[in-house]
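Here is the structure we will look at.
Computed from a prediction, not measured in an experiment: that's the story for all the values here.
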Amino acid sequence: MEHSIPNLSQYSGLIFDLDGTLVDSSAAIAEVFSRWCESHLLDFETIIQACRGSRVSDILPQIAPHLDAQKESDFIEAEEAKTSTGLVEIPGASQLLHHLQNTHANWAIATSCSYPVADLRMSVVGLPKPEIFVTSEKILHGKPDPEHFVTTASFLELPPWRCLVFEDSNNGVRGALDAGCDVVVVGKHATIEHPRIRARIDNYLPVLKQLGIASCCFDKETE
């Protein structure tokens with residue numbers, strides 16, 4: 001996977017997704033969704049793939065229209081807000097965010113999680129919380145709709161084209177591109193190709209290297 005990234009200084013703001021981008025929450029998500037899918041006789045893999053990067057309430061009407069989308073979404077969020085199984089940061093994420101916080105950089109998080117879920121996951125892995133923290137409660141239309149990124153950019157007092165987004169899912173990448181942002185894809189789930197996808201990275205170690213920050217506490221396997 002390509003590790004070269006654009007010069008961050010050419011952007012006025014950085015916007016990060018949370019799950020799969022800053023925090024590996026796959027084990028916690030699987031624990032909650034596997035039980036929920038079993039209770040409704042739904043295929044786990046189909047649900048996980050469809051909902052990746054998006055709010056359940058936005059996706060469920062398309063794949064399980066017989067269910068009350070908001071009721072089921074509320075149930076899932078309540079379960080996720082108390083499930084911390086296997087939560088771990090994407091290597092280098094905490095170090096990068098602390099650097100951005102300490103240097104008073106203009107950055108934000110735009111996540112499809114509700115605030116209680118996002119707060120739990122960030123607290124467990126020790127990520128600093130930004131002043132601009134746009135969770136699912138603050139938007140009407142979830143990813144892949146561009147609203148999440150347009151709203152976050154406006155909170156940063158920036159036009160979207162001056163923001164670089166870090167995302168891991170096709171739904172998230174679509175939303176960021178449609179908002180007008182450039183994108184760095186984190187991980188292997190997002191397969192979209194687009195000229196404004198500026199790089200693809202596995203973790204934040206190359207970002208730390210670009211910024212001249214020595215990475216620490218990671219095995220050589222992650223480098």
Side-chain angles (χ1 to χ4, degrees), residues 13-33 36 47-48 51-60 69-70 72-98 100-101 105-156 163-173 175-176 179 181 183-184 186-187 189-190 203-204:
L14 303 178
I15 300 174
F16 297 86
D17 174 47
L18 180 60
D19 292 303
T21 302
L22 295 173
V23 178
D24 181 352
S25 53
S26 55
I29 291 171
E31 180 177 320
V32 172
F33 272 79
W36 179 79
I47 295 295
I48 286 293
C51 292
R52 190 181 303 279
S54 297
R55 301 184 302 188
V56 174
S57 58
D58 291 322
I59 302 299
L60 206 55
Q70 192 58 57
E72 299 302 328
S73 177
D74 290 344
F75 173 81
I76 289 170
E77 287 180 358
E79 291 299 301
E80 288 187 312
K82 59 185 180 182
T83 303
S84 59
T85 304
L87 295 177
V88 63
E89 70 165 299
I90 302 299
S94 179
Q95 201 171 350
L96 174 60
L97 296 191
H98 277 102
L100 297 177
Q101 187 176 63
N106 208 16
W107 67 286
I109 287 178
T111 174
S112 297
C113 292
S114 65
Y115 181 83
V117 176
D119 184 61
L120 169 73
R121 290 175 180 170
M122 294 187 72
S123 297
V124 167
V125 304
L127 298 181
K129 297 181 181 66
E131 292 184 12
I132 308 301
F133 195 2
V134 183
T135 53
S136 63
E137 299 94 335
K138 295 184 178 180
I139 58 167
L140 293 177
H141 307 289
K143 305 170 188 177
D145 190 278
E147 180 187 345
H148 219 132
F149 299 102
V150 172
T151 298
T152 304
S154 70
F155 286 154
L156 290 171
C163 298
L164 179 65
V165 170
F166 291 80
E167 260 286 0
D168 76 299
S169 69
N170 282 328
N171 287 332
V173 171
C181 305
V183 176
V184 171
V186 181
H189 291 299
N203 54 60
Y204 293 95

Worksheet item: Which one of Val32, Ile29, Leu120 satisfies the side chain to side chain contact (heavy atoms under 4.5 Å, CB included) criterion with Thr83?
Response: Val32
Worksheet entry | Non-neighbouring partners of Glu79 that pass salt bridge (charged side-chain N to carboxylate O under 4.0 Å, His left out), sequence neighbours left out | Arg35, Lys82
Item to complete: Sorted by first residue and then second, give each ring pair (Phe, Tyr, Trp, His ring centres under 6.0 Å) pair with at least one member in residues 115-151; sequence neighbours left out.
Response: Tyr115-Phe133
Worksheet entry | Donor-acceptor contact below 3.5 Å, side chain Thr85 vs main chain Ala27 | no
Practice prompt. Using the test ring pair (Phe, Tyr, Trp, His ring centres under 6.0 Å), find all partners of Phe16 that sit at least two apart in sequence or belong to another chain.
Written response: Phe166
Item to complete: Assess whether side-chain contact (heavy atoms from CB on, under 4.5 Å) is satisfied between Leu18 and Val117, documenting all intermediate values.
Response: CA-CA 11 Å; Leu18 180 60; Val117 176; over 6 Å; no
Worksheet item: Which heavy atom of Asn106 sits nearest a heavy atom of Leu156, and at what distance?
Response: OD1-CD2, 3.3 Å
Worksheet item: Would Ser169 and Lys143 satisfy side-chain contact (heavy atoms from CB on, under 4.5 Å), going step by step from the backbone distance to the final call?
Response: CA-CA 10 Å; Ser169 69; Lys143 305 170 188 177; 5.6 Å; no
Practice prompt. Grab the two heavy atoms, one from Pro130 and one from Met122, that are nearest each other, plus how far apart they are.
Written response: CD-CE, 4.4 Å
Practice prompt. Test side-chain contact (heavy atoms from CB on, under 4.5 Å) on Phe155 and Ile15 and set out the steps.
Written response: CA-CA 11 Å; Phe155 286 154; Ile15 300 174; over 6 Å; no
Fill in: Expected output: side-chain Thr111 to main-chain Thr135 donor-acceptor under 3.5 Å
no
Item to complete: Please test Glu72 against Leu60 for side-chain contact (heavy atoms from CB on, under 4.5 Å), starting from the C-alpha separation and ending with a verdict.
Response: CA-CA 9 Å; Glu72 299 302 328; Leu60 206 55; 3.8 Å; yes
Worksheet, complete the sentence: Rounding to 0.5 Å, atoms OG (Ser114) and CD1 (Ile76) come to a distance of 11.5 Å
Worksheet item: Of all residues at least two apart in sequence or in a different chain, which pass the side chain to side chain contact (heavy atoms under 4.5 Å, CB included) check with Ser57?
Response: Arg55, Gln70, Ser73
Worksheet item: If you count the non-hydrogen atoms of other residues, nucleotides and ligands that lie under 6.0 Å from CD in Glu131, is the total more than 12?
Response: no
Discussion item. Contact between Val184 and Tyr204 at the side-chain level, heavy atoms closer than 4.5 Å - yes or no?
Written reply: no
Discussion item. Main chain of Leu127, side chain of Glu89: is a donor-acceptor contact present, judged purely on distance under 3.5 Å?
Written reply: no
Worksheet item: Atom CG of Leu96 and atom CG of Asn203: how far apart are they, to the nearest 0.5 Å?
Response: 11.0 Å
Practice prompt. Measure across Val186 and Gly20 and return the closest heavy-atom pair with its distance rounded to 0.1 Å.
Written response: CG1-O, 4.0 Å
Worksheet item: Minimum heavy-atom separation for Asn170 to Ala190, with atom names?
Response: OD1-CA, 3.2 Å
Worksheet item: For the residue pair Ser136 and Ser112, what are the closest heavy atoms and their distance?
Response: CB-O, 3.4 Å
Practice prompt. Of all the heavy-atom pairs spanning Ile132 and Trp107, show the shortest one and how long it is.
Written response: CB-O, 4.3 Å
Worksheet entry | Pairs where residues 18-28 contributes a residue and the test side chain to side chain donor-acceptor pair (under 3.5 Å) is met, not counting sequence neighbours | Asp17-Thr21, Asp19-Ser25, Asp19-Arg121, Thr21-Asp168, Asp24-Ser26
Worksheet item: Does the Asn171 side chain pair with the main chain of Arg52, one donor and one acceptor, at a distance under 3.5 Å?
Response: yes
Fill in: Set of residues satisfying salt bridge (charged side-chain N to carboxylate O under 4.0 Å, His left out) with respect to Asp119, sequence neighbours excluded
Lys129
